[in-house]
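Here is the structure we will look at, set down as structure tokens.
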Amino acid sequence: MKVKNYASIIIFISITILATIGLQVHWNIKNYKENKQRLINDVQIAFDNSSEFYYIEESKENYIGFVNRDDSVSDEQFMDDLKLDTVFKNYKAKRDQLKLSKFGSVKPKIISHSEATKSIKLDSKIIEKQKGNNKKTIATVKPISRRNSSVVVLKGKSATDSILKISDSRSRIVVSMVKDSISFKKLNKALNKELSRKKIVVNYTIEHFKRDTLFDKFEKDTSVKSSELKLSAFSNSTYLPVNEQLKISFSEPVELLVKRSMIEILLSLLLSLSIIACLFYLLKIIHRQKKIDEIKNDLISNITHEFKTPITTISSAIDGIKNFNSNNDPKKTDRYLGIASQQLGKLANMVEKLLETASLESDNLTINKEPMDIVQLLEKNIEKHLLNTATKTISFLSQSEELILNVDAFHLENAISNLIDNALKYGGSQIEVALKLDQKRVEITVQDNGIEIDRNQREKIFEKFYRIPKGNIHDVKGFGIGLYYSQKIIEKHQGTLELIVNSKNIFKITLSNV
């Protein structure tokens with residue numbers, strides 16, 4: 001995969017992730033605002049319902065009914081009795097008189113429905129309601145105005161409703177009176193009941209306006225600042241007098257709004273995490289493919305360089321026999337054939353390593369264990385490598401002169417040989433091989449005094465075909481399968497192979513249950 005294409009894919013995935021997060025945030029903010037508007041509507045509906053309830057309850061106590069008590073009095077005379085200089089004036093005068101006297105005149109009587117149902121006669125007549133063949137007394141009252149007045153006054157909606165239902169020819173008028181002020185105590189009680197029913201908990205204030213001027217105000221909690229009451233609504237009650245308004249200002253319950261939006265938030269979060277996880281997984285796969293592609297290219301390059309040398313040498317030997325051995329010199333022929341045979345053996349060894357790696361991957365490689373002296377196996381391995389190096393030293397330390405273990409001698413020797421070979425190729429000038437016994441465990445370490453392996457390379461070196469990058473330099477031959485092969489062989493022996501870096505590079509083999 002080209003670096004340019006890989007960078008474009010990363011940029012595209014990053015933009016997609018940012019766009020997904022931005023979209024989800026925008027969606028949640030929009031959903032929060034919609035829930036806030038629904039909350040405002042709910043509070044306004046509760047405020048309207050409580051206002052309606054308040055005015056209806058108030059109107060029940062502020063109804064006054066006027067009834068003509070005398071059938072002989074005409075409607076014109078009845079209306080004359082209702083003039084301000086008669087009934088109302090007389091009622092006001094008597095009320096004022098009552099306030100001025102402690103024990104003087106008696107207050108004019110305005111009766112309620114319960115009083116109206118008592119048997120009080122109107123000019124020796126009883127107001128009755130016909131219902132089938134039964135007669136039921138509704139109200140009988142005395143006049144409260146001047147002596148010769150024909151008007152009777154009833155107070156309360158129930159009493160006035162009863163008068164209106166009487167099947168009678170008497171003249172009657174019902175008046176509903178509205179107070180200028182509002183009883184916030186009653187209104188607050190009704191509003192709290194409505195808000196509790198809707199499970200809304202907010203702090204609020206109620207303001208009563210007359211002609212856009214603040215007339216009165218109620219605060220549920222005086223400790224709450226007005227700046228905290230950011231939301232507001234006006235009552236749309238039909239009972240509000242003209243040019244009057246009721247306004248409620250209330251706090252913004254963030255916890256309640258978030259709770260209402262919790263399902264949407266969780267779905268949004270789940271969707272975002274799913275998309276982001278898929279994109280990261282895709283990025284991981286692309287990165288792995290890029291890495292595999294790099295390893296493949298590096299492997300092809302290594303194989304080319306590894307195979308090129310022996311092939312070239314074999315070709316040169318054959319050309320030497322063909323072109324430079326005209327006298328058929330047996331010694332020269334044997335020497336050329338020996339060189340060709342040696343290089344063919346090297347090629348066969350390379351192919352064998354590749355085939356063994358393939359068998360390890362498919363788990364088809366079988367381990368044939370047999371008793372073997374590990375001390376002797378290590379000594380022979382070290383001697384073999386000492387023959388191929390003259391500039392580096394290899395020392396061997398063992399806690400035992402003989403140690404018999406059930407192992408596959410061929411594969412275990414190759415695994416240890418790979419560790420020593422790596423130390424000779426990439427390590428320092430001094431290599432040390434040690435054998436330690438720890439109860440039922442055996443530890444074999446191969447260490448050198450070379451440059452420490454970078455931290456970000458310590459796990460990767462055990463991967464198949466991986467070699468520490470050195471650009472396009474191939475001064476050290478190899479396919480990057482030595483450590484991978486060694487680790488797999490040790491694992492098949494129920495052991496572990498690990499790298500320990502502590503001023504020295506130490507590869508430690510641990511064989512347990514031996």
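Just so you know, residue 1 is the first one in the sequence shown, and it goes up from there. Treat the numbers as computed from the prediction; the structure is a model and nothing was measured.
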Going from [atom1] on [X] to [atom2] on [Y], what distance comes out if it is rounded to the nearest 0.5 angstrom?
| X | Y | atom1 | atom2 | value |
| --- | --- | --- | --- | --- |
| Glu228 | Ser249 | CD | OG | 13.0 Å |
| Asp42 | Phe47 | CG | CZ | 15.0 Å |
| Leu378 | Ile444 | CG | CD1 | 5.0 Å |
| Met262 | Leu269 | CE | CG | 10.5 Å |
| Phe507 | Leu483 | CZ | CG | 5.0 Å |
| Asp448 | Ile394 | CG | CD1 | 11.0 Å |

Can you name the nearest heavy-atom pair linking [X] to [Y], along with the distance?
| X | Y | value |
| --- | --- | --- |
| Ile490 | Leu497 | CG2-N, 4.1 Å |
| Gln430 | Asn449 | N-OD1, 3.2 Å |
| Ser251 | Leu229 | N-CD2, 3.5 Å |
| Thr313 | Ile339 | CG2-CG2, 3.4 Å |
| Pro241 | Tyr55 | CD-OH, 4.0 Å |
| Ser183 | Tyr54 | N-OH, 2.7 Å |

request  = Tell me, with the steps shown, if Glu491 and Thr496 meet side-chain contact (heavy atoms from CB on, under 4.5 Å).
outcome  = CA-CA 6 Å; Glu491 287 176 355; Thr496 59; over 6 Å; no
Flag, side chain of [X] to backbone of [Y], donor-acceptor distance under 3.5 Å:
| X | Y | answer |
| --- | --- | --- |
| Ser341 | Leu337 | no |
| Asn505 | Ile451 | yes |
| Glu432 | Leu397 | no |

Is there a side-chain contact between [X] and [Y] in this structure, where contact means two heavy atoms from C-beta onward sitting under 4.5 Å apart?
| X | Y | value |
| --- | --- | --- |
| Thr445 | Ile500 | no |
| Ile367 | His493 | yes |
| Leu437 | Ser400 | yes |
| Leu267 | Leu271 | no |
| Tyr485 | His411 | yes |
| Leu403 | Val442 | yes |
| His208 | Gln245 | no |
| Leu187 | Leu246 | yes |

Does [X] [atom1] have over 12 foreign heavy atoms under 6.0 Å away?
| X | atom1 | result |
| --- | --- | --- |
| Lys384 | NZ | yes |
| Ile263 | CD1 | no |
| Lys369 | NZ | yes |
| Lys220 | NZ | yes |

Review item, side-chain donor-acceptor pairs of residues 16-29, under 3.5 Å, at least two apart:
{"residue": "Thr16", "atom": "OG1", "partner": "Phe12", "partner atom": "O", "Å": "2.8"}
{"residue": "Thr20", "atom": "OG1", "partner": "Thr16", "partner atom": "O", "Å": "2.8"}
{"residue": "Gln24", "atom": "OE1", "partner": "Ser268", "partner atom": "OG", "Å": "2.5"}
{"residue": "Asn28", "atom": "ND2", "partner": "Gln24", "partner atom": "O", "Å": "3.0"}
{"residue": "Asn28", "atom": "ND2", "partner": "Ser268", "partner atom": "OG", "Å": "3.2"}

task = Carefully, step by step, assess His385 and Ser417 under the rule side-chain contact (heavy atoms from CB on, under 4.5 Å).
result = CA-CA 8 Å; His385 283 89; Ser417 178; 3.0 Å; yes
ask   = Partners of Asn243 by side chain to side chain donor-acceptor pair (under 3.5 Å), sequence neighbours excluded?
value =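 Partners of Asn243 under the side chain to side chain donor-acceptor pair (under 3.5 Å) test: none.
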message = Holding to side chain to side chain donor-acceptor pair (under 3.5 Å), I want the full list of residues that pass it with Ser235, two or more places apart in sequence or in another chain.
response =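 Ser235: side chain to side chain donor-acceptor pair (under 3.5 Å) contacts with Asp48, Ser51.
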query = Using the ring of each side chain (for Trp, its six-membered ring), is Phe209 parallel, tilted or perpendicular to Phe234, with breaks at 30° and 60°?
reply =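 It falls in the tilted class, 30° to 60°.
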ask   = Any Lys/Arg nitrogen of Lys425 or Asp421 sitting under 4.0 Å from an Asp/Glu carboxylate oxygen of the other?
value =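 Result for this pair is yes, salt bridge flagged.
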key: Glu219 with Lys217: basic N within carboxylate O range, under 4.0 Å   =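 A salt bridge links Glu219 with Lys217.
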key: salt bridge (Lys or Arg N to Asp or Glu O under 4.0 Å) pairs, two or more places apart, involving residues 495-508   =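 Residue pairs with at least one partner in residues 495-508: Glu498-Lys508.
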query = What pairs of residues pass the salt bridge (Lys or Arg N to Asp or Glu O under 4.0 Å) test when at least one of them lies in residues 394-419, not counting sequence neighbours?
reply =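 Counting only pairs at least two positions apart or across chains, no salt bridge (Lys or Arg N to Asp or Glu O under 4.0 Å) contact touches residues 394-419.
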What donor-acceptor contacts under 3.5 angstrom involve side-chain atoms of residues 194-205, with partners at least two apart or in another chain?
{"residue": "Glu194", "atom": "OE1", "partner": "Asn49", "partner atom": "ND2", "Å": "3.4"}
{"residue": "Glu194", "atom": "OE1", "partner": "Arg197", "partner atom": "NH2", "Å": "2.9"}
{"residue": "Ser196", "atom": "OG", "partner": "Asn192", "partner atom": "O", "Å": "2.8"}
{"residue": "Tyr204", "atom": "OH", "partner": "Asn188", "partner atom": "OD1", "Å": "2.3"}
{"residue": "Tyr204", "atom": "OH", "partner": "Asn192", "partner atom": "OD1", "Å": "2.8"}

query = Does the pair Asn35 and Leu256 meet the rule for a side-chain contact (heavy atoms from CB on, under 4.5 Å), with working shown?
reply = CA-CA 10 Å; Asn35 282 324; Leu256 177 61; over 6 Å; no
query = Given the rule in the side-chain hydrogen bond (donor to acceptor under 3.5 Å, both in side chains) test, do Thr510 and Glu443 qualify, once you have shown the distances and angles that lead to the verdict?
reply = CA-CA 5 Å; Thr510 303; Glu443 292 183 0; 4.7 Å; no
inquiry  = As a quick check of understanding, evaluate side-chain contact (heavy atoms from CB on, under 4.5 Å) for Phe280 and Cys278, giving each step before the final call.
reply    = CA-CA 5 Å; Phe280 272 114; Cys278 290; over 6 Å; no
